[in-house]
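Just so it is clear, the values below take in all heavy atoms, side chains as well, and ignore hydrogens, waters and symmetry mates. Remember, it's 1-based here, ligands and their atoms both numbered in the order they're listed. Heads up: numbering here begins at 1 and tracks the sequence.
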Amino acid sequence: MSNQRKVHVKSFGCQMNVYDSNRMADTLAPAGYVETATPEDADLVILNTCHIREKAVDKVYSEIGRIRMMKEEAAAQGRQMLIAVAGCVAQAEGQEIVRRAPAVDLVVGSQNYHRLPDMIARAREGECVVDTEFPLDDKFDALAVPKREQIAKRGLTAFVTVQEGCDKFCTFCVVPYTRGTEVSRPVEKIATEVARLAEAGVREVTLIGQNVNAYHGLDQSGSPASLGVLLRRLARIEGIARLRYTTSHPRDMDDELIAAHRELPELMPCVHLPVQSGSDRILDTMNRRHTIRHYLDIVARMRAARHDLAFTSDFIVGFPGETEDDFQDTLRLAETVGFAAAFTFAYSPRPGTPAAEMDGQVAEDVKIDRLHRLQALIAAQQRAFNASFVGLRLDVLLEKPGRLTGQLAGKSPYLQAVHVMGPAALLGQVVPVTVTHLGSNSLFGTLDPQRAAPELAPAGA
Ligand code: SAM
Ligand code: SF4
């Protein structure tokens with residue numbers, strides 16, 4: 001095909017960006033763009049960016065510098081390469097990106113991906129195109145749906161955005177500014193998308209949103225449905241073996257969602273519930289709108305609904321005004337809950353957010369020291385959590401061949417990587433695995449002898 005062009009999309013930051021990157025590639029497919037894994041041979045490089053911490057933004061600018069050199073090389077060979085910046089940095093900085101990095105040809109905000117084909121056509125004519133409006137039309141309706149082969153190529157697991165934006169305005173966070181106000185997609189549109197994924201072989205779907213459990217999309221009768229109701233609807237779709245959701249806010253953990261954990265075997269017993277700090281004083285200045293008592297109460301209610309539930313979390317250390325005592329409260333909270341894993345961050349002041357202007361900014365070396373101490377505790381908790389499965393059986397979704405011949409790699413209900421020896425025919429199935437020992441980043445186990453039997457070689461092979 002002579003008018004075929006290549007697009008390379010690189011995602012930074014959260015899973016929502018991974019989902020958006022796939023949808024951008026799907027939207028460009030009808031315009032003749034095929035995905036390429038490397039930027040060097042691409043006609044269009046899209047950097048789908050993250051603005052959450054300063055380091056994330058710095059990474060984007062250094063990546064633009066690297067791609068600019070490839071663009072210059074391409075031009076020397078008489079080939080046009082366009083550079084597009086998408087995502088939250090695009091949304092937050094808009095025109096400023098082109099001023100700081102003139103090699104960028106187009107800047108597209110997170111709500112405007114469906115306009116990409118038109119923007120690219122203008123950029124190819126030499127126009128510098130910046131579009132970071134929050135339009136009223138539904139971006140999800142306007143984005144192209146992926147083809148069956150495209151879905152199959154992306155594997156057995158998929159993300160589906162069900163909710164975007166945030167109305168919570170935590171004082172440290174840029175999301176309400178870069179992703180806008182909370183919007184939920186209707187139940188049946190999500191169900192149609194998940195059914196299409198299942199039909200193409202996807203077995204596990206993770207519902208994503210900046211505040212996923214604030215989901216309130218309309219059901220068929222036009223009434224708002226909660227995340228618990230949505231999960232019940234999706235659990236009925238044939239082929240979907242596993243459902244997950246992320247990221248939740250403690251304030252929005254309601255009875256319907258807790259009941260879904262009690263009743264739906266498809267809903268995995270692993271909940272990401274960011275707490276940020278173990279100090280009520282700091283939670284208040286963060287505007288988190290929950291207390292530690294409230295958080296522990298949710299954990300207890302959820303564990304009562306499903307005893308094998310594990311929790312993971314996000315923490316910020318060194319928030320303005322955080323004292324050593326506040327930090328000790330954070331360590332205590334982590335010890336009380338016992339997390340399976342956690343993301344830990346040193347507070348990064350973000351321009352335009354209230355916390356960036358607060359008194360009592362914590363010195364960088366103090367932040368780093370606290371970060372290391374918290375990370376050591378979380379790492380010990382994660383090791384203990386993993387070790388607790390040795391000798392037990394875990395259901396594992398086998399996703400791909402492992403590194404060794406005859407080895408298969410998959411995920412446990414708790415997102416632990418698990419390796420077993422077994423026939424490739426089991427790929428795509430959820431099978432019971434007895435955990436035998438721990439590796440540095442994964443679990444190793446064995447299949448039932450019956451399942452582990454090698455495939456019969458075809459006659460004459
Ligand atoms: N909506 C989720 C919640 O309510 O916790 C969080 C979404 S945010 C994209 C992911 C994580 O980034 C947050 O939970 C927080 O721990 C971290 N984060 C956000 N802003 C930050 C900042 N200014 N400095 C350091 N970490 C930050
Ligand atoms: Fe950011 Fe999450 Fe707070 Fe919303 S709830 S402002 S996304 S940290």
Side-chain angles (χ1 to χ4, degrees), residues 11-20 48-59 87-89 91-92 110 159 161-184 206-215 227 245-253 271-279 282-290 294-295 298 311-322 327 330 333-334 339 341-358 361-362 364 366-368 370-371 374-375 378:
S11 278
F12 297 79
C14 66
Q15 291 144 336
M16 194 158 275
N17 272 5
V18 176
Y19 175 83
D20 282 349
N48 194 9
T49 62
C50 173
H51 198 252
I52 200 86
R53 282 167 293 277
E54 194 179 0
K55 260 194 209 150
V57 179
D58 292 346
K59 253 196 229 167
C88 291
V89 175
Q91 193 64 55
S110 39
F159 297 122
T161 295
V162 301
Q163 176 277 342
E164 257 201 291
C166 181
D167 297 337
K168 296 273 189 307
F169 288 91
C170 298
T171 53
F172 52 82
C173 185
V174 290
V175 167
Y177 312 97
T178 55
R179 291 279 178 164
T181 191
E182 243 175 63
V183 179
S184 295
T206 303
L207 308 183
I208 51 175
Q210 270 93 15
N211 229 240
V212 74
N213 58 343
Y215 175 82
L227 185 64
Y245 60 90
T246 196
T247 294
S248 295
H249 192 288
R251 283 278 301 214
D252 297 312
M253 201 48 91
V271 175
H272 187 63
L273 193 60
V275 65
Q276 312 299 355
S277 168
S279 154
I282 296 297
L283 288 177
D284 187 43
T285 52
M286 283 177 164
N287 191 32
R288 285 292 289 178
R289 305 188 227 178
H290 63 81
H294 180 208
Y295 187 87
I298 294 165
F311 287 89
T312 61
S313 199
D314 290 352
F315 290 90
I316 296 178
V317 298
F319 186 77
E322 185 190 73
F327 176 65
T330 298
L333 173 87
F339 289 102
F343 295 112
T344 52
F345 306 104
Y347 169 67
S348 166
R350 308 306 296 122
T353 58
E357 306 299 322
M358 283 180 187
Q361 299 288 329
V362 175
E364 227 31 59
V366 176
K367 284 186 203 171
I368 299 306
R370 289 180 190 164
L371 187 64
L374 178 60
Q375 283 172 340
I378 297 292

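For Phe169 against Pro176, the heavy-atom pair with the smallest separation is CE2-CB, 3.4 Å. Shortest non-hydrogen contact noted between Asn48 and Asp20 is ND2-CB, 3.7 Å.
Below 4.0 Å from some heavy atom of Ala346 lie the following atoms of ligand 1, by number and element: 25 (C). Per-residue contacts place Arg53 under 4.0 angstrom from the following atoms of ligand 1 (heavy atoms of the residue considered): 12 (O), 17 (C), 18 (N), 24 (N), 25 (C), 26 (N), 27 (C). Within ligand 2, the atoms closer than 4.0 Å to a non-hydrogen atom of Phe169 are 6 (S), numbered from 1 in the order shown. Heavy-atom proximity to Phe172, at under 4.0 Å, picks out these atoms of ligand 2: 8 (S). Residue contact check: Arg288 has heavy atoms under 4.0 Å from atoms 3 (Fe), 8 (S) of ligand 2. Interface atoms of ligand 1 facing Phe345, defined by a heavy-atom separation under 4.0 Å, are 11 (C), 12 (O), 16 (O), 17 (C), 25 (C), 26 (N). Within ligand 1, counting atoms from 1 as listed, the ones closer than 4.0 Å to a heavy atom of Gln210 are 1 (N), 2 (C). Heavy-atom contacts of Asn211 reach the following atoms of ligand 1: 1 (N) (cutoff under 4.0 Å). Below 4.0 Å from some heavy atom of His249 lie the following atoms of ligand 2, by number and element: 5 (S). Within the listing of ligand 1, atoms 2 (C) sit less than 4.0 angstrom from a heavy atom of Thr247. Atoms of ligand 2 found under 4.0 Å from any heavy atom of Cys170, numbered from 1 in the order shown, are 3 (Fe), 5 (S), 6 (S), 8 (S).
Within a 4.0 Å radius of atom 11 (C) of ligand 1, the protein has at least one heavy atom.
Scanning the protein heavy atoms around atom 20 (N) of ligand 1, the nearest turns out to be Phe172 CD1, 3.3 Å. Considering only non-hydrogen protein atoms, atom 9 (C) of ligand 1 sits nearest to Ile52 CD1, 3.5 Å. Atom 2 (Fe) of ligand 2 has its closest protein heavy atom at Asn211 ND2, 4.1 Å. Of the protein's heavy atoms, Cys166 SG, 2.2 Å lies nearest to atom 4 (Fe) of ligand 2. Counting only heavy atoms of the protein, atom 15 (C) of ligand 1 lies nearest to Gln276 OE1, 3.5 Å. For atom 22 (C) of ligand 1, the closest heavy atom belonging to the protein is Ser348 O, 3.6 Å.
Contact of the Val362 side chain with the Phe319 side chain is not registered, since no non-hydrogen atoms from C-beta on lie closer than 4.5 Å. Using a 4.5 Å heavy-atom cutoff, the side chains of Val174 and Cys88 are not in contact. Put simply, the side chain of Arg288 does not reach to within 4.5 Å of the side chain of Arg251, judged on heavy atoms.
Distances from ligand 1 to the non-hydrogen atoms of Arg288 include at least one value under 4.0 Å. Ligand 2 is never approached by Arg179 to a heavy-atom distance shorter than 4.0 Å.
For atom 1 (Fe) of ligand 2, the N/O/S atoms of Cys173 include one lying under 2.8 Å.
Remark: the backbone N or O of Glu164 is not paired with any side-chain donor or acceptor of Gln210 at under 3.5 angstrom. Checking side-chain atoms of Asn17 against main-chain N and O of Thr49 turns up a donor-acceptor pair under 3.5 Å. For the pair Asn213 (side chain) and His249 (backbone), a donor-acceptor distance under 3.5 Å is present. For Ser348 (side chain) and Ile52 (main-chain N/O), no donor-acceptor pair under 3.5 Å exists by modelled atom type. Checked by atom type and distance alone, the side chain of Gln163 pairs as donor or acceptor with a backbone atom of Asn211 at under 3.5 Å.
For Tyr295 and Phe311, the ring centers sit 6.0 Å or farther from each other.
Under a cut-off of 6.0 angstrom, the local environment of CD in Glu54 is sparse, with at most 12 non-hydrogen atoms contributed by other residues, nucleotides or ligands.
Here Met358 contributes atom CE and Phe172 contributes atom CZ; the two are 10.5 Å apart, rounded to the nearest 0.5 Å.
For the pair His249 and ligand 1, the shortest N or O to N or O distance does not fall below 3.5 Å. Considering backbone and side-chain atoms alike, Pro274 places every N or O at 3.5 Å or more from each N or O of ligand 1.
Residue Thr247 does not touch ligand 2, judged by heavy-atom distances below 4.0 Å. The part of Pro176 lying near ligand 2 is the side chain, judged by heavy-atom distances below 4.0 Å.
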